[in-house]
Amino acid sequence: MKMDRTAKPSPMPRKPRRTAQDLLIGRRLRDRRKFLKQSLQELSAQVGVSYQQVQKYESGQDRIPASILFSISKALNISPNYFFTRTLE
């Protein structure tokens with residue numbers, strides 16, 4: 001009797017859980033966008049991602065890559081440090 005040696009497919013990699021920092025950065029992003037009265041569509045066009053992706057960033061569902069964070073900062077006329085100025089305790 002032969003053993004079946006076919007490889008099992010590896011499970012899909014899990015997304016990292018959202019952290020308090022992810023939520024804080026997303027909240028700061030949404031607050032600044034609304035302060036400037038920009039729509040999701042306007043910001044997403046400036047950054048080069050879909051408006052749905054911006055929603056995910058704002059909700060903390062997806063982490064923002066450094067290159068996108070830099071583009072968002074330019075679009076919102078702020079320093080990237082803006083997103084990290086509040087500390088969590």
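Atom-to-atom distance recorded for Q61:CD and Q53:CD is 8.5 Å, nearest 0.5 angstrom. Distance CZ/R32 to OH/Y82: 6.5 Å, rounded to 0.5 Å.
Both V49 and Y51 are members of a single hydrophobic cluster when ILVMFWY side chains are connected at heavy-atom separations under 4.5 Å. There is a path of hydrophobic side-chain contacts, each under 4.5 Å, that joins L40 to L29.
Scanning all heavy atoms of the two residues, the minimum distance from S44 to V54 falls at CB-CG2, 3.8 Å.
Proximity of a side-chain donor or acceptor of E42 to a complementary backbone N or O of S39 within less than 3.5 Å is detected.
You'll find the side chain of Y57 reaches within 4.5 Å of the side chain of I68, heavy atoms only. When side chains are defined from C-beta on, L43 does not count as touching L36, because their heavy atoms never get closer than 4.5 Å.
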Output a table of donor-acceptor pairs, distance under 3.5 Å, between side-chain atoms of residues 69-80 and any protein atom two or more places apart or on a different chain; print 'none' if there are none.
{"unit_1": "S71", "atom_1": "OG", "unit_2": "S67", "atom_2": "O", "d": "3.2"}
{"unit_1": "S73", "atom_1": "OG", "unit_2": "L69", "atom_2": "O", "d": "2.9"}
{"unit_1": "S79", "atom_1": "OG", "unit_2": "N81", "atom_2": "N", "d": "3.1"}

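Residues meeting the side chain to side chain donor-acceptor pair (under 3.5 Å) test with T19, sequence neighbours left out: Q21, D22. Residues forming a side chain to side chain donor-acceptor pair (under 3.5 Å) with Q55 (at least two apart in sequence, or on another chain): none. In this structure R33 satisfies the salt bridge (charged side-chain N to carboxylate O under 4.0 Å, His left out) test together with E58, sequence neighbours excluded.
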